[in-house]
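What follows is one structure encoded as structure tokens, with my remarks underneath.
This structure is a prediction, so every number in the text was calculated from the model and none was measured. Along the sequence shown, residues carry numbers from 1.
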Amino acid sequence: MKILETDRLNLRLQTIDDAEFILELLNDPSWLRFIGDRGVRTLDDARDYILNGPVRMYEQFGFCLYLVERKEDHAKIGICGLVKRDSLKDVDIGFAYLPKYWSKGYAYEAASAVMSYGKDKLGLTRIVAITSQDNQASESLLKKIGFQFEKLIQLADDPEELKFLIFDKTPHT
């Protein structure tokens, strides 16, 4: 099911038919370095990841990490969407792309659409983001779409201190 559309991209719900792509993405060295090992080693693991992650989150919250496809050839290039983690009070944006699709404006295009969707359709006034301290590309993209660095945080399930960025459009009185 398509959720969002941009000039060049479709963002849709992930299905178990995307398992091969998810297996590749979650085992890409950049994913492992910046996001972490999710233990997805087989197509069955990938199907479980999809069902217990994005599919369950969409059923529970009405949003998730969407699969990003190019319109021109339906190539699966990455994921982008909103996440509600137990360890964070706010909804956060997340994204990851296969390296061959970096530096083409796709991440910015998809993240901008997700932010508009979060604000306009879901009514979110505050969205956060977390990123590894050495992930300059993600931090740069987040700042480009309106996030500001707030502080370093440590999530309960992660030994690394992460950069915590916020996008806050709450009226301040």
Side-chain angles (χ1 to χ4, degrees), residues 1-6 9-71 73-102 104 106-111 113-115 117-118 122 124 127-135 137-139 141-142 153-165:
M1 178 169 78
K2 184 168 57 172
I3 302 293
L4 295 167
E5 184 176 352
T6 69
L9 306 170
N10 285 319
L11 282 75
R12 64 166 176 79
L13 295 181
Q14 295 180 47
T15 72
I16 57 171
D17 294 335
D18 299 315
E20 192 173 314
F21 171 77
I22 293 299
L23 180 64
E24 180 184 3
L25 181 66
L26 272 59
N27 286 287
D28 183 83
S30 61
W31 177 287
L32 295 170
R33 176 179 172 202
F34 294 124
I35 299 172
D37 190 347
R38 297 295 186 257
V40 175
R41 301 287 181 266
T42 66
L43 286 174
D44 283 340
D45 291 343
R47 287 182 198 101
D48 289 345
Y49 176 87
I50 291 166
L51 292 174
N52 295 315
V55 170
R56 181 176 288 161
M57 186 165 292
Y58 187 79
E59 289 170 353
Q60 188 174 359
F61 297 108
F63 56 79
C64 63
L65 288 171
Y66 306 114
L67 190 97
V68 181
E69 289 180 323
R70 274 195 316 214
K71 285 182 178 179
D73 58 3
H74 303 286
K76 298 172 185 180
I77 67 171
I79 56 174
C80 183
L82 299 169
V83 180
K84 180 60 188 100
R85 301 172 202 270
D86 293 337
S87 53
L88 289 176
K89 150 182 120 160
D90 298 294
V91 172
D92 71 287
I93 189 170
F95 47 82
Y97 295 85
L98 290 175
K100 65 184 171 185
Y101 300 109
W102 293 358
K104 297 177 181 353
Y106 296 132
Y108 175 78
E109 192 172 323
V114 165
M115 288 299 292
Y117 181 76
L122 301 176
L124 299 172
I127 299 171
V128 302
I130 54 175
T131 186
S132 297
Q133 292 185 55
D134 63 342
N135 192 342
S138 287
E139 183 178 5
L141 172 60
L142 290 165
I153 65 165
Q154 194 162 0
L155 300 180
D157 56 349
D158 194 338
E160 178 189 3
E161 275 196 319
L162 303 169
K163 287 187 175 181
F164 182 79
L165 298 95

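Using a 4.5 Å heavy-atom threshold, the side chains of N10 and L4 count as separate. The shortest distance between side-chain heavy atoms of I153 and I130 falls below 4.5 Å. In this structure, the side chains of L9 and R70 come closer than 4.5 Å at one or more pairs of heavy atoms. Proximity of I50 to T15: side-chain heavy atoms (C-beta onward) are nowhere separated by under 4.5 Å. Between Q14 and Y66 the shortest side-chain heavy-atom distance does not fall below 4.5 Å. L88 places a side-chain heavy atom less than 4.5 Å from the side chain of F164. The closest side-chain heavy-atom distance from C64 to V83 is not below 4.5 Å. At a threshold of 4.5 Å between non-hydrogen side-chain atoms, the residues Y106 and C80 do not count as touching.
A distance-only check finds no donor-acceptor pair linking the side chain of W31 to the backbone of A96 [under 3.5 Å]. When atom types are taken as modelled, the side chain of N27 and the backbone of L23 share a donor-acceptor pair closer than 3.5 angstrom. Side-chain N or O atoms of Q133 include none that pairs as donor or acceptor with a backbone N or O of K163 at under 3.5 Å. Using a distance-only test at 3.5 Å, with no hydrogens or angles considered, a donor-acceptor pair links the side chain of D45 to the main chain of T42.
Between A107 and L141, the closest heavy-atom pair is CB-CD2, 3.6 Å. Of all non-hydrogen atoms in G78 and F21, the two that sit nearest each other are N-CZ, 3.4 Å. Nearest heavy-atom pair, L67 versus I79, reported as atom, atom and distance to 0.1 Å: CA-CG2, 4.3 Å. Looking at every heavy atom in both residues, M57 comes nearest to L82 through SD-O, 4.0 Å. Heavy-atom minimum distance, F95 versus S138: CE1-OG, 3.5 Å. Considering all non-hydrogen atoms of both residues, S87 and L155 come closest at OG-CD2, 3.8 Å.
In the model, T131 has no side-chain atom that pairs as donor or acceptor with a side-chain atom of E139 under 3.5 Å. Side-chain contact check for N135 and S132: no donor-acceptor pair (N or O, by modelled atom type) lies under 3.5 Å. For the residue pair S30 / D28, a side-chain donor-acceptor distance below 3.5 Å is found, with atom types taken as modelled.
To the nearest 0.5 Å, atom CG of residue D18 and atom CZ of residue R12 are 4.0 Å apart. With rounding to the nearest 0.5 Å, the separation of CD in E69 from NZ in K2 is 10.0 Å. Here the CG-CD distance, from L51 to E59, works out to 8.5 Å after rounding to the nearest 0.5 Å. Atom-to-atom distance recorded for E160:CD and F34:CZ is 10.0 Å, nearest 0.5 angstrom. Taken to the nearest 0.5 Å, the CD1 atom of I16 stands 13.0 Å off from the CD1 atom of I22. One finds the CG atom of L122 at 12.0 Å from the CZ atom of F61 (value rounded to the nearest 0.5 Å).
A salt bridge is absent between E20 and K76: the closest approach of a Lys/Arg side-chain nitrogen to an acidic carboxylate oxygen does not fall below 4.0 angstrom. Using a cut-off of 4.0 Å between Lys/Arg side-chain N and Asp/Glu carboxylate O, D37 and R41 are scored as salt-bridged. Comment: D90 does not engage K84 in a salt bridge, judged by the lack of any side-chain N to carboxylate O separation of less than 4.0 angstrom.
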Using the salt bridge (charged side-chain N to carboxylate O under 4.0 Å, His left out) rule, take R33 and D134 through it: C-alpha gap first, then chi angles, then the decisive distance, then the call. CA-CA 10 Å; R33 176 179 172 202; D134 63 342; 3.0 Å; yes
Run the side chain to side chain contact (heavy atoms under 4.5 Å, CB included) test on L13 and I3 for me, step by step, so that the C-alpha distance in whole Å, both residues' side-chain angles and the decisive distance to 0.1 Å come before the verdict. CA-CA 7 Å; L13 295 181; I3 302 293; 4.1 Å; yes
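Within a 6.0 Å radius of CG in D86, no more than 12 heavy atoms belonging to other residues, nucleotides or ligands are found.
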